[in-house]
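Read through the structure below, which is laid out as structure tokens, and then see the notes.
Note that the structure is predicted; figures quoted are calculated from it, not measured. Values below: every heavy atom of this structure, side chains too, minus hydrogens, waters and symmetry copies.
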Amino acid sequence: MKVQIQVLDVDYDMLNNRPIVRIFGKDRNGKTYCVCATDLLPYFYIKTTNPKRIEEELRSRFGGEIEKTEIVERYLPIGYSDKIELLKVTTRTPSKVPEIRDYIKDKVDDIYEADILFKYRYMVDRSITGMGWIEVEGNPLRTDTIRCATIEARSITPIENDENVPLRILALDIEVKTPQERIPSADKDPIIMIALAYSEPFRGRENDVLVAKSVPGDVISCTSEEEMLEKLKDIIESYDPDIITGYNINNFDMPYIIQRMQHLNLKRDLGRVVDKTVFCQTFGPQTKTNITGRVIVDSYRIVKKEYSFKNYTLNTVAKDLLGEEKEDVSYKEINGLWEDRNEIHRLISYARKDSILALKLITEKKPLDKYIALCRVSGVLLQDVLDGGESIRIENLLLSEFNKKGFVLPLKPGREEIIKRSKEREKEGIKGGLVLEPNPGLYADGCVMVMDFKSLYPSIIRTFNICPTTLLTRDLDVEYNESPAGARFVKSSVREGIIPRILSGLIDGRSTVKKRMYQEKDPEKRRLLDAKQYAFKIMANAFYGYCGYMKARTYNIHVANAITSYGRHLIQKTADKIRNEYGLEIIYGDTDSVMVKYPSKNLDEVYEVGTRIAKEITDSLPGVLELEFEKIFRSFLILAKKRYAGWAFEKHNGEWSDKIEMKGIETVRRDWCDLVTNTMNAVIDMIIKEGDVNRAISFVQEKIEQIRKREVPLKELSVTKSITKSLESYDGVLPHIEAAKKMRMRDPSNPPTRGDRISFVIVEGNQMLSKRAETIEYVKEKNLKTDTDYYINNQLLPPIERIFAVLGVSRDELLGKGRQTSLSDIMGNRRPERNHDLSIEMSPREVVVKNPTGFICSECNRDFRRVTLTGRCECGGEIYASGQGFIGKYVEI
DNA sequence: GCTACTCGGGG
DNA sequence: GTGTACGAGTAGC
């Protein structure tokens, strides 16, 4: 028979003392297969001057475990040199390789590739990638261990196919008997409910709730926890999901379920095989669960990686991303609801909703596209792309490419090696990119052109052929490039480096995909292409970091330093050239970008000049190095190195689009109240977009006044922090803990506990700050006075002051003490000497309002500070710009 | 500016 | 499982 499947998971098992690789995948119709292959044995390489003796030692020590040994010719991975003879040792049991490796380690010069997981050894040798497609020919195989159609492979061929098979997803959420004042623990507290949500209807249902007692209604009643867990296993087996998801499933639900199963002596076979039981690995607070043939996706972890929020409770995240909230149940109520026949349904629908939300985060936001694309580019399995970091992806590509070109890959460094590396690093140092010293201030006259090197580090690596395999470690009569830091690399005409070669493939791959993406009309396919080009980019950019990563297989400080030294050299030369040959001022630059002042406000003109300069400079650069005209800052506020904000204009297919861009200026921080965040955003907006520093000053003054008069809603002043341990175990004095202790004192029957989030405000008094923290409710109830001084001087002013300082506005002035604050200032009238002309000129269009100071609805005359996103008022009227005594049509460009 | 330590999410 | 492992943010030097 012959099938084409997309690879979901790979593992191996032992059969008759030989490994049998099992590839799990799905065909286009969604049918699951397991492909078994026995055509590879584990192997690794040894560098030694006495292979005969080593061979004898291995055979006498490990006997039949050594399948064969042979002398092969390979290139060594570090340093340019010819092929040398290595001893290739082939064994039988993958899990015994570490023992062999450690036994022989001190008797030989070096060992290579003796720490490659066997599934990846197989995949790399057969060019199989995670989530890639293969065509399999072979015979059906009957087994009593594998739970899907099994094929004994005769041949496995990787095939090109961009499709992704629809994945069947199961989301689960457990509820646990929750004692007061203690976190549930799996050895004592049973699971009472398991909610399941299905991405494809299962037996006609979208979701189910298993309940460990008999209850009427739309639930699956069980007589015990044990029966409920058995039912869970049945459902997983029949529904047969590819993906199991849940919110924080990695650190709570999965380990808990597994520990309960262990506790109750149930067999933990949740995967697509019966012989391998699920196990959890715990390292510190992190746990990782592996289920053969399926993939565990933690939607919490994904959301945390992909989105930036102040906190990541399921409720907050779902509200923002899905527009839905959790059912309103506090964990403290769980026991009560569970015991109460009339209330248990609240708990049931709460659990049901949680599982639905966890599922929707995956099915609606489709975050897996990117991860699947990363699998296909790197070759790594989906589970490992989700759990692992950058290094596993890089290493998989390296192994594949090294082997193809006849190189062996080094082992991961051991403890001693890492110590050696860090000592060398201390001595030699590792330098990063060049950051040009900025002159802080607001640049609003004319424009700021931003030019940057397109993928600077990958381009440097390709252009100068930088790679451990091209590094010259001794004098040889070959052509080479010498980096500004002194390291030498043979030219690509002598030998193309492996990393430069991989990078060329990634970068060419990306531009091909991007071209296809621009032509693609179908939004679904477009999204997949976008994920793919993104994966190429991520991978390309990760190589530089890997070269300087101390735990890298191919770590070499000279390689890492060569890359950045070229970067510093290039950015400096470029800045000099723009200054000297074009007579333009360089305002700032960081690693791969320069910001150039240009005396015009005409976007199209600036675009044209900038593009020309970038092209001329590119023409003078060697290799694939390319300076790109990136965007225009219509106004640009720089506070210091790496801290700036700008009103950026970018041209896409001839159309300008604009946005505020901020780097290093934080407006959102956990320990700032909303008042600070909102004021910061408004102030930056006024300065950057409206160019109106005076208005921003007045705005801050107004806010200060509002704080003084206690007109600011308490909610805007509150900061929320969590209790992370028992209240007694805090050494220091923290405001939210003090507030929590007071809550406990006032209502001992319902004390706040670990995990609770406390929102507090600071009230007046002469105790230390933390002691003056109170909850909003209490402040309202007792009509306490907030500490206005604290909110002005400790919350609002510090970040605001940093911005105004570079504009020459002092703290006193913001407080209304310095310059006289006239009525007209407060009314928002402009002070001419500090106002910047931000009127916009556009070549093709002409509707312009000079200095719009505000916006107004043409229908109901409602005032707006900014033009609304839709360009319309709530009443439906069009938004016009107002300023300098007239009202005109505003054109968003 | 750097490194060491903390803590998240779940019930 | 040919394992040894998160990451952002803050405190403290």
Measuring to OP1 and OP2 of [N], would you say a side-chain N or O of [X] lies under 4.0 angstrom away?
| X | N | value |
| --- | --- | --- |
| A/Lys551 | C/dT4 | no |
| A/Tyr312 | B/dG10 | no |
| A/Lys288 | C/dT4 | no |
| A/Tyr12 | C/dT2 | yes |

Does A/Glu65 use its side chain to pair, donor to acceptor, with the backbone of A/Thr93 at less than 3.5 Å?
yes
Would you say A/Asp189's side chain and A/Val176's backbone share a donor-acceptor pair under 3.5 angstrom?
no
Heavy atoms under 4.0 Å, any strand shown: does [X] hit a base, just sugar-phosphate, or nothing?
| X | value |
| --- | --- |
| A/Ile116 | base |
| A/Asp173 | sugar-phosphate |
| A/Glu99 | nothing |
| A/Tyr350 | sugar-phosphate |
| A/Pro184 | base |
| A/Thr93 | nothing |
| A/Lys326 | sugar-phosphate |
| A/Asp354 | sugar-phosphate |
| A/Leu314 | sugar-phosphate |
| A/Ile100 | nothing |

Quick check on contacts: within residues 292-304 of chain A, what sits under 4.0 Å from DNA chain B by heavy-atom distance?
A/Tyr300, A/Lys304
Figure out the [atom1]/[atom2] separation between [X] and [N], and round it to whole Å.
| X | N | atom1 | atom2 | value |
| --- | --- | --- | --- | --- |
| A/Phe252 | B/dG11 | CZ | C1' | 5 Å |
| A/Lys88 | C/dT2 | NZ | P | 18 Å |
| A/Asp384 | C/dC6 | CG | P | 14 Å |
| A/Lys305 | C/dG9 | NZ | P | 15 Å |
| A/Lys431 | B/dG1 | NZ | P | 16 Å |
| A/Tyr331 | B/dG9 | OH | C1' | 13 Å |
| A/Met254 | B/dG11 | CE | P | 14 Å |
| A/Tyr247 | B/dG8 | OH | P | 13 Å |

Carboxylate-amine/guanidinium contact A/Glu113 A/Arg553, below 4.0 Å
no
Output the distance between atom CD1 (A/Ile362) and atom OG1 (A/Thr245), rounded to the nearest 0.5 Å.
4.0 Å
Distance from A/Ile296 atom CD1 to A/Asp298 atom CG, nearest 0.5 Å?
9.0 Å
Donor + acceptor pair across side chains of [X], [Y] (<3.5 Å):
| X | Y | answer |
| --- | --- | --- |
| A/Asp328 | A/Tyr350 | no |
| A/Tyr555 | A/Glu417 | no |
| A/Asp253 | A/Tyr247 | no |

I'd like the C1' distance from B/dG11 over to C/dC6, given in whole Å.
23 Å
Within a reach of under 6.0 Å around CG of A/Asn17, are more than 12 heavy atoms found that belong to other residues, nucleotides or ligands?
no
Out of C/dT2, C/dG3, B/dG10, minimum distance to the side chain of A/Asp115 belongs to C/dG3
To the side chain of A/Lys412, which of C/dT2, C/dG3, B/dG10 is closest?
C/dG3
Of A/Asn290 and A/Ser308, whose closest DNA chain C nucleotide lies nearer the 5' terminus?
A/Asn290
